[in-house]
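One structure below.
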Amino acid sequence: MTALRLGRPLLLLALTLLLLAAGEVLLPGFIGPGQIANQLKIASFLGLFGLCQTVVMAAGGQGLDLSVGAIATLGGILGAALMNGSNAMTPIGAGVAIGAGLAAGCVNGVGIAVLGVPPLVTTLALSSVIDGGLIVGVSLAHPANGASPGLVAMTGRSFHGIPTVAVLWAVIAAIAIWLLSRSAWGRRLCRTGANPITARLSGTDTTRVRIVAYMMSGGIAAFGGFLLTGYVGQAFLGLGNAYVLTSIVVAAIGGVALAGGRAPYGGVACAAILMTVLVSLLTAINIGESGRQVIFGLTLLSFLMLDRYLMRARH
Amino acid sequence: MRALRYTGILPSLLMLVVVIALNARLQPHFFGLPSLEDNIATLTPTILVCLAQAVIVLSGELDLSVGAGVSLINCLLATVPISAVGGPWGLMGLALLLALALGAINGVIVTIFGLPSLIATFATAAVWFGLALALIPQPGGELDQSVGDLYSGTVSGVPVPLFIVAGALLIWTLLGRHRLGRRIVAVGSNPAAAFQAGISVLRVKLAAYLVGWLLVGLAAIAISAQTLSGDARVGDTYTLTSVAAVVIGGISLAGGRGTPWGALVGAIVLGIVSNVIYFAGIPSIWQEFFKGIVIMSALGFMVLEQKRAAVA
C-alpha cells in the first residue's frame, strides 16, 4: 500500500522533471531559478483549488464542486471591496472572503447531503447564482477592486528565491495531508466516501461530514480567490473561472477517485506542479488555448485509463 | 396516462403551467402564430439537447460534453464551404456524422474502457472545446443562407423546427415501444440484473450515446441555422441546462427512472424562463441572477416533492 501511495507522486514528479528537461532543450533558460519560482507561484493556486476537489471527491456520492470558480471570484471581489487598498483592512477582507466561501459551501453541503440533489447539479446551480449575484453587485455598487500593497507583496514576492505564496501553500498542504490521512476526521471522511452505509452504522454522522467537506471546499476556494486578487493585482468577474476544469483535472490526475474514499493530497499537489509546468511549456512553444484544452482533456483521459488499469490489475 | 402517474412529472408540469401563464401574461400575443413560431424556433435546440441528455441519463450514464459538442459541430459547419459538400443537405449530413462520431467516442470511453462518465465526458468536453477553438478562434465565419432558409421555412404550413421536435419525440415514442428503449431503462436501473437477463450492457449504453448525439447534432444544426455563424462557446450553456432539465423533469441522475416527456417539460420550463425574465423588463444585469435562482428553486421544489411522494 505504501508503495502505491508513494508511486503516484513519484510518477508525477518524474514526468515534471521530464517536461522541465524537454523545456530546457527546446528553449534554453526554461529552468532558470526565476522561472521555477514563478511556476511554483502559479502551481500554489492550482494546488489550493485542487484541495477543494480532493476533499469533496473523497466524501463520495459522485462528489464534485463546480462552484469553486464562482466562489473564488466571490472571495476575490468581497475581499478587495473590504480591504479597499489598505494593508490594515487586509486580514478583515481575508476573513470575510473565507466566511462567504464557508457559507456558500454550506449551501452546497445542505443541498447535497440533506436534500439529496446530485453534487454536479447543486454546485453548478449555486455557481450560476453566485456569478449572477456578482454581476448585480459589481454593477450597482462599483466596489473597490484593487489588492492592498501588502497582499500584492505577499503573493508576488520571493524570500531567498522561494515565493511566499508557495511557502503558504506548503504549510496548508502539510496540514491537509495530516488532516486527510492521519486525523480521525480524515478517516471519517474517507469512510463516508468509501461506503456511507457502513460509515453511518459505525457511528459516523455522514451528513455532517459531507456538509463540512463542502464548507471546507468553499472556504479554501474563497481564500484562493482572495490570494489570486493579490497575485493578479485586482479582482474581476470571472477571476476564478479557469480553475473549475483545472482543479478537477489535478485532483483526478493526483489519484483521487470520483467514487470517493481516497484523499491522497500529496499526489494532487504533485499533479498541480506537473500541470503548471505542462501549461507553461505549451505556452512557451506557442501552443494556443485550443491546443492546451485538447492536451488537458487527453491528459485527464490517459490518467483515468491508468487508474482503471491499476484497479483491474489489483483485483 | 401512465407517464403522468409517475410521481416525478406532476410537479414539473405544475411549473410548466406557471411559467407559460406568466409568459402569456407578459409577452404580448404569446399565443399568436408569429410569436409561437419564434418561441418554438428558439426553444428547439434546448429541447433537443435535453432529450439527448435524457436518453443518456436513462441508460445510467451522463454526458457533460454535449455543450462543447454543439459548439464543435457549429464551428465545423461555419468552416466547411457549402460547395464542397453539395448544398445545405450535405452540410447537415456532415454535422450528423460528426455528432455520431463524437457520441461513439464518448460511448466507447465510457463502456469499453469503463471510465466514469461524469469525469470522462468532462475531459472530452475540453477536447471538443479545444478543437472548436482551433476551427473558429474568434466568433465569426459564415454559414450559407440556404441552411437558415431551410430552418425558418415551413413544410405544408408547419414550421420546420416544430417538425424537428415532433420527429425527435416520435423517435422517442418509438424507442419506448421498441426493445432498445426498454433495454436502456433496464440497463440504467439495474445493470447487473440486465446483464443476467442476457442484455449486452455495453451495447445498449453505446446505443444510448449514439441516439443522444444524433439529437445533439440536430440541435447544433438548428443553432447554426439561426446564428449563421460559428462560435466556439455557443454551446456552453447547454450542458447545465440539459442536466437541470433532466432533474427538473423528474429523471433520476442515477439512471433508469423517468420519461423523455419529463425532459421535454424541463427543457420548456428552462427555455421559457429566459423569455419571462426578458419580457418582465428585468434590467439585464439581474437576468443571470434570476435565472440561477429559478433553476435553484425549481431543483429544490422537485427534490422536496419527490421526497414527499416517496414518504406518502
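Here is how names work: the chains are called A, B, and so on, in the same order as the sequence lines, proteins then strands, and each is numbered from 1. Predicted model, so just to flag it, every value in this text is computed and none were measured.
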Engaged part of Leu135(B) at the chain A interface, taking heavy atoms whose separation is under 4.5 Å:
neither

Could you check which of Leu299(B), Leu115(B), Ile295(B), Val247(B) has the highest count of heavy-atom pairs closer than 4.5 Å to chain A?
Leu115(B)

Does any heavy atom of chain A fall under 4.5 Å from the side chain of Ile119(B), the backbone, both, or neither of them?
both

Answer with side chain, backbone, both or neither: which region of Leu258(A) has an atom nearer than 4.5 Å to a non-hydrogen atom of chain B?
side chain

Set of ring pair (Phe, Tyr, Trp, His ring centres under 6.0 Å) partners for Tyr243(A), sequence neighbours left out:
Phe49(A)

Which region of Leu253(B), side chain (C-beta onward) or backbone (N, CA, C, O), has a non-hydrogen atom less than 4.5 Å from a non-hydrogen atom of chain A, or is it both or neither?
side chain

Quick check against the 3.5 Å criterion: does Ser71(B) have a side-chain atom that pairs as donor or acceptor with the backbone of Gly67(B)?
yes

Check whether more than 12 heavy atoms from other residues, nucleotides or ligands sit under 6.0 Å from atom CZ of Arg233(B), and answer yes or no.
no

All heavy atoms of Leu12(A) vs all of Gly254(A), minimum pair found to be CD1-CA, 4.2 Å

With a 4.5 Å cut-off on heavy-atom pairs, point out which of Leu298(A), Ile295(A), Ile248(A), Thr299(A) contacts chain B the most.
Ile248(A)

Chain B contact via Val110(A) - which portion, at a heavy-atom distance below 4.5 Å
neither

Given side chain to side chain contact (heavy atoms under 4.5 Å, CB included), test Thr246(A) with Met275(A) step by step and report yes or no.
CA-CA 9 Å; Thr246(A) 49; Met275(A) 290 319 277; over 6 Å; no

Flag, side chain of Arg262(A) to backbone of Gly255(A), donor-acceptor distance under 3.5 Å
yes

Ile285(B), Val243(B), Leu133(B): which one forms the most heavy-atom pairs within less than 4.5 Å of chain A?
Ile285(B)

So which of Leu124(A), Val129(A), Val121(A) has the biggest tally of heavy-atom pairs under 4.5 Å with chain B?
Val129(A)

Return the option, out of Ile135(A), Leu304(A), Val117(A), with the maximum number of heavy-atom pairs under 4.5 Å with chain B.
Leu304(A)

Backbone N/O of Ser189(B) and side chain of Arg257(B): donor-acceptor pair under 3.5 Å:
no

Is a donor on one side and an acceptor on the other found under 3.5 Å between the side chain of Asn108(A) and the backbone of Pro119(A)?
no

Residue among Phe290(B), Phe129(B), Trp128(B) with most heavy-atom pairs under 4.5 Å to chain A
Phe129(B)

Under 4.5 Å from any heavy atom of chain B - which part of Leu126(A)
both

